[in-house]
Structures are given as structure tokens and as C-alpha cells.
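Quick note: residue numbers are just sequence positions, from 1. Atoms within a ligand are numbered from 1 in the order they appear, just like the ligands themselves.
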Amino acid sequence: MASTGISVSQAELEANKGKESVPEPCIVVIFGASGDLTKRKLLPALYHLEQQNLLPEKFAVVGVARRDLSATFAPDMKDGIVKGGGVDEKEEKLGKFVDRILYFKTEFDNDEGFEGLKNFLAEQDGKFGTNGNRLFYLAVAPEYFADITQRLGKHGMTKHEGEGWVRFIIEKPFGTDLESAKKLNTEINAVLHEDQIFRIDHYLGKETVQNIPVFRFGNSIFEPLWNRHYIDSVQITAAESIGIEGRGPFYEAAGALRDVLQNHVMEVLSFVAMEPPDSFESSAVRVEKLKVWKAIEAIPVTDTARGQYGPGTVDGQQVKGYREEDRVSPESQTETFAAMKLNIDNWRWAGVPFYIRAAKRLQTRVTEVVITFKQPPLHMFKASADADEKQLEPNVLTLRIQPEDGISLKFGAKIPGPTTNLAQVKMNFSYADVFGKSSANGYERLLLDAMLGDGTLFAEGAGVEATWALMTPVLEAWKQQQNEFPNYAAGSWGPAEADELLGRDGRSWQN
Ligand code: BG6
């Protein structure tokens, strides 16, 4: 598809550089450092920050895990940076960066180990000049979040002695339902102040997600139309063509709702639906997001659809069904597809359905927000000589989060010639065409913000509880159902139930 020819000059891009803030000296301490996330995402993200001179000079990374990895940790992380981060292994900066990657072994319930960690970190402060500032990253299974935080508290590591800071990034999933999320909030808040806690949702680190409020509130064209008077419906899709990638035990307990819908999709939805905040400060944005989630009506189970993939073909490859995946029950009732219709009961959105879905093993990978506008009040034109005027397609604005990030607007244009018939045409803005390809994976921006103490792009306790309050009754209702799974083939667009969900309203998914 042709781009619009919008261009941003190199000078403009360059002028934007060097304006970013650089965090104070600090140590990033990653718990659960032997896991995949550290190697594949976190270290490449930290190194990309280093490449852009966005890390403080006085800086170190300490991986903490239960296995003895002292000899292999740093080279293994280097490998992750080179392969996962697309970095040339001979880059001069890389060697210096790897010298600042350290490892500490401890069990997570061992007081001696935690005392040892405290001394180890103090030693690194002496060596690297990091001044006691810490960013703890809990990349561990959720059952360890509270324990680790409390034990760090017990050993005096949750507060800075004197000036400086100690912050915590907590990975998702934050709880598995409302009750567990509340419990976790209480346990963590007993040791940490809310402004020390950064609940990460890597979707908020994606440029295209951040661009949603910019698109709405930094321009004057669309916001006057952004309401029930002009918008017919909204769809948010997080479709993946990959399966569960060996994460059987995790996914069996999670499913598509807990894994993606409750967090990534609901975060995107809040940006699409929120009122303009007073400023783009963390507290102002959080208030508006919370209002959106709280205004969503209770979700009847009849407004939901779930599915599980069976064998099929994805990208020309024959793939297994979910129940045949490694460490998955052959009778599994876990959903790999979750969809629902949400009604936001407020002045702006009353009567505008939001259809959301998240799934594995669909035909293609695409995350996007599709805004369908209402039809004009009078139908004067036709799509073709024999068509009915009413068959004209509505205007559709698509905010494409990934891949091929961009924004497109579909509208009708006159087909040249002596008739006045309309064809649908598209205006398209592609991030890559205008700004070049970005290697950012979402974690860069969020790690940087946490080091800077800016929580705008992180979930807060009340917000997490609000989304769980909506989703928990759905999960409970689903638990009572016995489904005829699998009910969609890998490589398709999901189960018939999901199509019926929109079909009942005279609409269909944008696939
Ligand atoms: C993670 C989920 O949070 O997000 C994964 O646990 C999912 O199951 C992933 O694949 C999707 O992230 P992205 O950035 O690839 O869209």
C-alpha cells in the first residue's frame, strides 16, 4: 500500500535526540534472571538504552536466581543482546556494558542469601559509584512477588538510606483474579510505597500504544468525532499466529483472558476511551484510565466467546492443536481465544459497543484498534450501478499497533467517470516509512521510565483491581461451562461463537 508521502527530515529526527533525561546512577537487580525474559528482552532493552546514551555512566546490572550461573551469566546475556537485540558483537560499547553485568545466587526464601545480596550490592555501589539507588525487577512467577519484596524489606533493602531511591518493577500477571490481585496489592503495599511500585505491562512501552493519546489529544481533527455521535463501534484485536511456545504449564493456568485480554488489551482500551487528562502526568492519566474501567458495565457471559485451537496450518506449516502441545492436558478446557463485548456506561460512549479479542494461532499476527464511524445521515451515492445506497461501507480508522505499525483511514471516493459511484480508498501512514524501523521492544521505554521514577506508563494497584473486577465473574462463569474444544482450527480467525457475538449486532470482525 502506498504511503501518503508524509516525511520527517533527518534534521527533525536528530533534533529530537539528546533531549531525553538520563537516570541517576543505579543498579538494576533482576530477580529470576535465569529466565527467558532477562536474556531475550530485558538485557537487549538495557543495551539499546546504552547505545543511545540513555543509561547513567555509573551503572550495573545484577542478575539474581537460584542456580549457580556466576561463570556463564554475563556471556549468556551478551549472546542475548547480540542475537535478540540485533547488535554487532564487536561494538565497542558492548564489551564495556557486559563488564557491568554481574550475578548473585540465592534461594528466594533464604535469609542468609538476602543478607549476602545486600552486602554484594553495597560492594558494587563502592565499585561502580551507584549510590545505593536500586531498581529491582521481579521477573519471577507471581507466587514469589510478595515473598521476595517482604524479605528484601526485612533485610533493609526496600528503602534508601538517606537521599536516593529504591523502586520495583513487577512483571505480569499481577494476580490471577480479583481476590489474588487485592491480596498481592496489600502484601506489597505493606512494604513499599505505591510510588515505588511499577507494575509493568509491556504494551504500554510500545510506541504505537503511546501514540493513541497523542493521536487523540495532540491533534484537533479526530477528537471532536471521538464519541457516540460519530462512532458506531470499536474493535480491539490482539491476534497472534504463534502458539504457546513451550509454555504449557503457564498457559494451562492462564488462558487468553488472563494472559493478554485483562492486561494488554484493557490498557489499550483505556487509552482509546479515556477522557482528556489535565496533563500527561502519571497521576492525571491514571485517574482517567481508572474512570474508563469503572464505567464498564458488568459483562454477561452471553457477551463473551471462547475458543481453543485444534490442528491446522499457519504460514503454510502444519501445526499441532493446543491439546497436543507439550505439558498440556489432552482434555484441557483452557481458552486460547477470548472475545467479549464491553459497554462503557458514560456520557461519551453510551451505546457504542467495544468488541475485544485476544488469541493464539490465528491466521496472522496483528494487534490493532479499529474505529468504525457511523454512516452519513443521507445515502446519495452507490458503490456501483446495481448496488443499494445503503451498501456503502462506513469510514474506518485503524490504529495498527503491530506489525507494520501505522494508522490508516478508509473512506469513499468517486470512481472517475460519468457515474457518481464510490470506491473505498485508504490513506495510510506507516511508522517505518516516516521514522525508519525501530528496534524498541517496549521494555526500553519502561525500564528508562522506572529508572527516572515516571509511572505514567505503568499500571497502578487500583487499575489492576478494576480490570480484575470486570474479568473475574467471566472467568467464574466460564469455569462452570464444559466446552466442545477444540472449536477453531489453527490458522483460522477463531471460533464461530466469536463471529456470532458480532453477527447478533449486525457487525463483523475486521480480519
Ligand atoms: C505476553 C504474553 O504478555 O505478551 C504472551 O504472556 C504474548 O503470551 C505476548 O505472546 C505478546 O506480546 P507482543 O509484544 O509479542 O505482542
Distance-only side-chain donor-acceptor flag, Q308 / N487, under 3.5 Å: no
Partner residues of F250 under the ring-ring contact (aromatic ring centres under 6.0 Å, His included) criterion, sequence neighbours left out: none
Within the protein, residues bringing a heavy atom under 4.0 Å of ligand 1, chain by chain: K172, H202, Y203, K206, E240, R247, D259, H264, K360, R365, Q402
For R67, side chain to side chain donor-acceptor pair (under 3.5 Å) partners two or more places apart: none
Test item: side-chain donor near acceptor, E252 and S332, under 3.5 Å: yes
Listed partners of E368 passing side chain to side chain contact (heavy atoms under 4.5 Å, CB included), at least two apart: V366, V370, T398, R400, Q510
Gap between atom CZ of F429 and atom CG of L409 - 0.5 Å precision: 13.5 Å
